[in-house]
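No experiment lies behind these values; they were computed from the predicted model shown. Protein chains get the first letters and strands the later ones, always in sequence-line order, with residue 1 at the start of each.
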Amino acid sequence: MSELSTKYTPADIEDKWYAHWDKSGYFHNEPDDREPFSIVIPPPNVTGVLHMGHMLNNTIQDALTRKARLEGKNAIWIPGTDHASIATEAKVVRMLRERGIKKSDLTRDEFMAYAWEWKEKYGGIILQQLRKLGSSCDWERTAFTMDKGYSEDVIRTFVDLYNKGKLYRDYRMVNWDCEAKTVLSNEEVIHGEEQAALFHVKYFLEDENSPTGQGAEGVVIATQRPETIMADSAVAVHPKDPRYAHLAGKKVIVPLVNRAIPIIFDDYVDIDFGTGALKVTPAHDPNDYELGKKHGLEIIDLLNEDGTLNEKCGIASLVSVDRFDARRHMKKLLADAGNLVEIKDYKTSIGRSERTNTVVEPRMSLQWYVDMKALAAPALAAVETNDIDFYPKSFKNIYRSWMAEIRDWCISRQLWWGHRIPAYYYAPPAPEGGVAAVETFVAQTAEEALVLAQAKYPSVMAADLRQDEDVLDTWASSWLWPISTLNGFKNSEEFNYYYPTSVLVTGWDIIFLWVARMAMAGFEWKQERPFKAVYFTGMVRDKQRRKMSKSLGNSPDALKLIEDFGADGVRFGMLASSPAGGDLLFDEKLLEQGRNFCNKLWNALRLIKGWEVTETTQSDTERVAAAWFESKSNTVLAEIEENFTQFRLSEALMSLYNFIWDDFCSWYLEMIKPEYGKPIDRETLEITERILRKLMAMLHPFMPFITEEIWQQLDGKNTEGSDLCVGSYPKQTTIDAALVAKVEAAKDIISKIREVRNSKGLKPREPLVVKFQGSETVKSLMDRDGVKSLITKLGVLESFEMTDTDVENAVSFVSGTDKFFVVLNQTIDIEAEREKMTKELQHQQDFLKSVNAKLSNERFVANAKPEILANEQKKQADALARIAILEESLAKL
RNA sequence: GGUCUGUUAGCUCAGUUGGUUUAGAGCACCUGCCUUACAAGCAGGGGGUCGUAGGUUCGAAUCCUACACGGACCACCA
């Protein structure tokens with residue numbers, strides 16, 4: 001029949017159409033007088049590869065963009081990548097190490113050369129992969145956070161914040177990543193419960209009369225980090241703790257290093273925890289640092305930046321030993337010295353670096369901070385008032401609680417790959433007998449900084465200024481993404497047209513790192529929200545709800561999936577699996593369903609293309625079928641529309657899936673299908689082709705490739721500009737509700753005839769005689785000849801006629817409130833029939849009872865809305881009618 | 001510790017201001033079919049007292065309270 005293969009093979013078709021769309025410039029737009037629609041991609045790490053999260057995320061963005069494009073909006077989707085400071089630098093460092101090169105042996109410039117080389121080699125792989133998925137990004141607008149213009153914006157905003165007094169530098173306790181040797185913001189530290197050991201260590205009281213300097217009595221403290229013992233400055237107890245009241249004014253000896261430290265009293269100590277005594281280590285714990293400040297304690301920092309101990313630990317064998325190795329050694333050292341009391345198993349929350357997974361150490365250091373309070377206020381208000389709409393709404397709570405208690409943002413990083421902080425330091429000559437404070441000048445360029453410096457110190461030369469060695473946190477550039485990618489700091493035409501963007505689609509895991517900060521940046525520099533809505537996707541997990549991760553090996557290869565199921569199949573699977581917000585359990589079964597759906601569509605096309613055409617006129621059957629289908633498609637269009645406005649994409653897709661598979665393939669095509677080998681009339685064929693093209697347009701946002709292919713196959717012209725990708729989305733027309741109801745009733749009758757066939761073991765193609773007893777309902781159903789002929793055709797009936805009398809030798813069923821008889825040329829199993837009917841009767845009687853309960857309740861009749869009441873009355877009448885039929889039939893058996 | 005959120009079919013989830021033929025979908029399952037678009041398919045079927053206990057209401061999966069068990073976020077953790 002047809003030259004088309006029985007199975008759909010996506011590979012060639014997908015590449016062909018993507019290249020064609022791209023070449024035709026369909027994805028690019030410039031401002032004009034149409035309604036704008038814009039999305040900025042959450043920029044993946046420049047050297048990253050496509051993973052499941054990206055697939056989900058970008059499929060959603062593409063579906064939204066394509067829908068807007070079909071609707072005639074001026075749609076752009078801006079792609080790009082993030083330089084991902086710490087993540088990329090870690091990769092480059094690892095690559096260099098494999099080549100035998102240490103970062104510490106390189107100059108900054110040499111390192112940056114390697115990093116750029118790496119970026120050129122691997123950056124952009126992920127953008128190619130996005131094309132495979134069908135992403136209709138405006139590639140002419142591809143951005144990178146370290147592009148020249150973008151970098152200037154990052155520096156500009158730093159200078160601006162500084163000049164507004166919203167930036168400051170401070171020496172405080174930070175989260176330190178010992179592997180990357182940089183500070184981290186609070187948001188980059190991932191806390192998790194871990195098994196640890198709680199060391200109980202006895203600190204002996206100082207006793208000047210004893211030869212060892214310490215007495216027999218002591219205080220037992222509990223610590224999880226015994227390697228910091230040598231940095232202790234005090235032992236603290238609660239002032240009201242009777243166990244320790246007698247120790248006032250006494251000192252204890254720090255184990256191993258034999259240094260005397262005071263016992264201090266502070267109600268910060270929890271009497272009930274452990275022994276009620278706490279070692280105080282101001283350099284290595286934030287709370288201890290506060291205690292130290294309050295009590296004037298010494299700060300002893302015994303950790304190097306790489307997490308090894310330094311000579312301040314006072315034990316030669318531990319110098320240059322990693323903190324965890326040192327912890328193991330401490331066990332023996334403490335035991336040998338007689339200080340170790342016991343070690344208890346202990347579950348506690350440990351913070352690890354998001355990027356290197358190293359245990360984060362609290363460490364004192366000088367860093368740059370953004371004063372967040374003022375920035376947060378308008379961004380919080382925008383979400384509270386739904387000026388920025390969150391889907392799902394529940395994320396408003398999380399956002400609010402974080403924003404309301406926002407802490408200052410540490411934005412300097414001890415890395416090289418990134419935007420170097422534009423702060424220039426000058427140490428003026430020291431006045432006699434004193435030390436001069438270092439002056440800070442913050443400016444866009446070194447030249448401008450020099451001008452500032454010379455205004456204060458005319459003799460300063462360029463060489464006297466020393467630029468800050470650090471770079472900015474990655475997020476201090478990506479928070480400008482919606483502004484900078486549209487050249488917003490230059491007040492471009494495109495910015496004024498496309499900003500604020502229509503929607504942001506991203507995972508909820510970066511709500512603080514990115515979403516909240518973009519909102520703040522939008523208001524800070526543009527006095528306007530960066531996006532009208534945020535759609536938070538779920539997190540892709542495996543079927544056991546585990547996170548997808550490389551180490552678990554449960555993360556499928558995205559490109560392999562596209563190979564196996566086709567991009568459309570994968571897109572279907574990602575979209576169908578789950579609505580916004582929660583976890584998304586990845587199951588290959590769904591991709592299989594998507595692939596099967598493609599095949600179903602393909603075979604519908606094969607069927608239609610295989611028909612010969614005749615010039616005969618359309619019969620009632622086909623006319624009714626087409627009218628019914630067109631009418632029903634409006635209902636589905638409305639449903640999809642409603643679901644799209646709420647970002648319920650999975651529901652939109654599923655209603656379309658069911659509409660196409662069931663209503664179109666299983667019902668409509670069967671209704672109009674000519675007998676085998678017979679031709680179809682031209683009108684019906686044309687209507688059917690039009691319907692299929694309409695369905696393809698509706699499906700295109702979800703599954704762009706196969707829909708384009710089928711669209712083109714049906715068109716057969718392939719004329720320039722006639723592509724579905726830039727076609728138009730179907731408009732809703734009127735719904736003939738009465739007709740839809742009639743055909744749905746006919747479908748019920750057909751299904752029940754098939755059920756009889758099935759239960760009686762009759763052949764599907766064996767023609768049957770069916771009779772019915774007519775009420776007004778069934779007469780009206782038969783009004784349109786087409787409806788009756790549908791039943792005859794799909795029920796495979798020899799005849800379908802009304803009867804006044806009961807029919808012998810027949811199996812009966814009830815549909816609506818009418819009775820139908822399927823005449824059989826075999827003996828009827830009376831007992832089986834009786835049982836079936838009794839069961840049905842019971843069901844109807846129970847139903848009637850529940851309806852009667854309502855209707856006999858005066859207060860229901862008095863209070864319920866009229867349409868509810870009317871409906872209950874109809875339910876009652878219908879139930880009564882059915883019960884009458886069943887009782888009569890039973891009596892006759 | 002604070003806040004939020006969930007509990008509906010074997011699994012994953014819908015159920016959108018409380019009422020729409022005594023709860024829906026997909027997958028899985030069962031029965032019968034290689035019927036000439038499609039076995040990646042066709043036709044049909046079974047399966048849930050909506051976590052528990054109260055309450056509000058003419059009416060509750062839907063609103064309220066308590067409890068049980070999950071999950072998440074934030075803060076703290078010697």
Side-chain angles (χ1 to χ4, degrees), chain A residues 1-2 4 6-8 186 191 198-200 221-225 236 269-270 273-281 285 287-288 346 348-349 392 394-398 400-402 405 508 511-512 543 545 565 569 576-579 581-585 587 589-590 592-593 595-611 642-643 646 648 650-651 654-655 657-658 665-666 669-670 673 676-677 751 754-759 761 763-765 843-844 846-851 853-854 857-865 867-869 871-872 874-876 878-879 882:
Chain A
M1 57 174 314
S2 152
L4 298 176
T6 161
K7 297 241 191 306
Y8 173 65
N186 297 325
H191 294 273
L198 195 60
F199 286 63
H200 284 66
I221 58 92
T223 179
Q224 195 247 122
R225 297 159 69 209
V269 180
D270 179 356
F273 189 96
T275 60
L278 164 70
K279 79 188 206 49
V280 183
T281 321
D285 183 277
N287 295 304
D288 292 9
Y346 179 58
T348 186
S349 164
S394 54
F395 284 104
K396 273 177 76 170
N397 289 321
I398 293 169
R400 182 192 307 117
S401 60
W402 188 76
E405 285 172 54
W508 53 259
I511 182 170
F512 308 136
K543 277 168 85 179
R545 283 193 189 275
F565 300 101
S577 44
S578 169
D583 290 344
L584 187 155
L585 274 52
D587 187 350
K589 269 266 182 282
L590 284 167
E592 205 176 302
Q593 199 184 342
R595 181 198 61 182
N596 294 355
F597 185 37
C598 287
N599 208 44
K600 187 74 182 173
L601 295 168
W602 188 247
N603 279 292
L605 175 72
R606 287 181 63 226
L607 175 68
I608 292 169
K609 292 204 47 149
W611 285 328
E642 171 65 17
N643 283 326
Q646 299 295 311
R648 291 192 290 241
S650 55
E651 285 183 54
M654 285 317 282
S655 67
Y657 171 83
N658 288 321
C665 293
S666 298
L669 286 178
E670 293 301 327
K673 192 165 146 184
Y676 178 65
S751 289
R754 287 170 175 167
E755 196 182 331
V756 171
R757 253 184 217 285
N758 247 309
S759 65
K763 289 243 157 52
R765 297 259 135 228
H843 179 257
Q844 292 298 336
D846 288 348
F847 176 64
L848 179 66
K849 224 158 87 182
S850 79
V851 176
K854 284 187 198 174
N857 183 329
E858 279 169 35
R859 283 194 288 184
F860 170 74
V861 178
N863 293 323
K865 280 179 266 178
E867 61 269 28
I868 301 295
L869 183 60
N871 190 52
E872 289 301 316
K874 176 161 186 344
K875 276 154 80 172
Q876 185 186 43
D878 288 354
R882 282 192 290 266

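Taking 4.0 angstrom as the limit, A/Ser751 places a side-chain polar atom (N or O) nearer than this to OP1 or OP2 of B/G44. Phosphate contact (OP1/OP2 of B/U35, side-chain N/O of A/Arg765, threshold under 4.0 Å): absent. OP1 or OP2 of B/A37 lies within a sub-4.0 Å distance of a side-chain N or O belonging to A/Lys673. An OP1 or OP2 oxygen of B/C42 is reached within less than 4.0 angstrom by a side-chain nitrogen or oxygen of A/Lys600. Applying the 4.0 Å criterion to OP1 and OP2 of B/C13, one finds that A/Ser650 has every side-chain N and O outside that range. OP1 or OP2 of B/G41 sits under 4.0 Å from a side-chain N or O of A/Asn596.
Taking atom CG of A/Asn643 as the reference point, atom P of B/G15 lies 10 Å away to the nearest angstrom. Between the CZ atom of A/Arg400 and the P atom of B/U5 there is a distance of 10 Å, given to the nearest Å. Computed from coordinates, the A/Phe597 CZ to B/C38 C1' distance equals 13 Å when rounded to whole Å. To the nearest angstrom, C1' of B/U21 lies 9 Å from CD of A/Glu872. If you measure from atom NZ of A/Lys609 to atom C1' of B/C38, you get 17 Å, rounded to the nearest angstrom.
Comparing atom distances between the A/Arg754 side chain and each of B/A37, B/A43, B/C58 picks out B/A43 as nearest. Of the listed nucleotides (B/A40, B/C42, B/C27), B/C42 has the atom at the smallest distance from the side chain of A/Ser666. Of all nucleotides listed (B/G19, B/U35, B/C74), B/G19 comes nearest to the side chain of A/Phe860. Here B/U21 is the nucleotide among B/G26, B/U21, B/C38 with the atom lying nearest to any side-chain atom of A/Asp878. Listed candidates were B/U35, B/U21, B/C73. Nearest to the side chain of A/Pro764 is B/U35.
Across all strands shown, A/Glu670 has heavy atoms under 4.0 Å from base atoms, whether or not it also approaches the sugar-phosphate. At a threshold of 4.0 angstrom between heavy atoms, the contacts of A/Ile221 with the nucleic acid are absent.
For A/Lys874 and B/U21, a side-chain-to-base donor-acceptor distance below 3.5 Å is present, hydrogens and geometry of angles not being considered. Applying the 3.5 Å distance criterion, the base of B/U21 shares a donor-acceptor pair with the side chain of A/Arg882.
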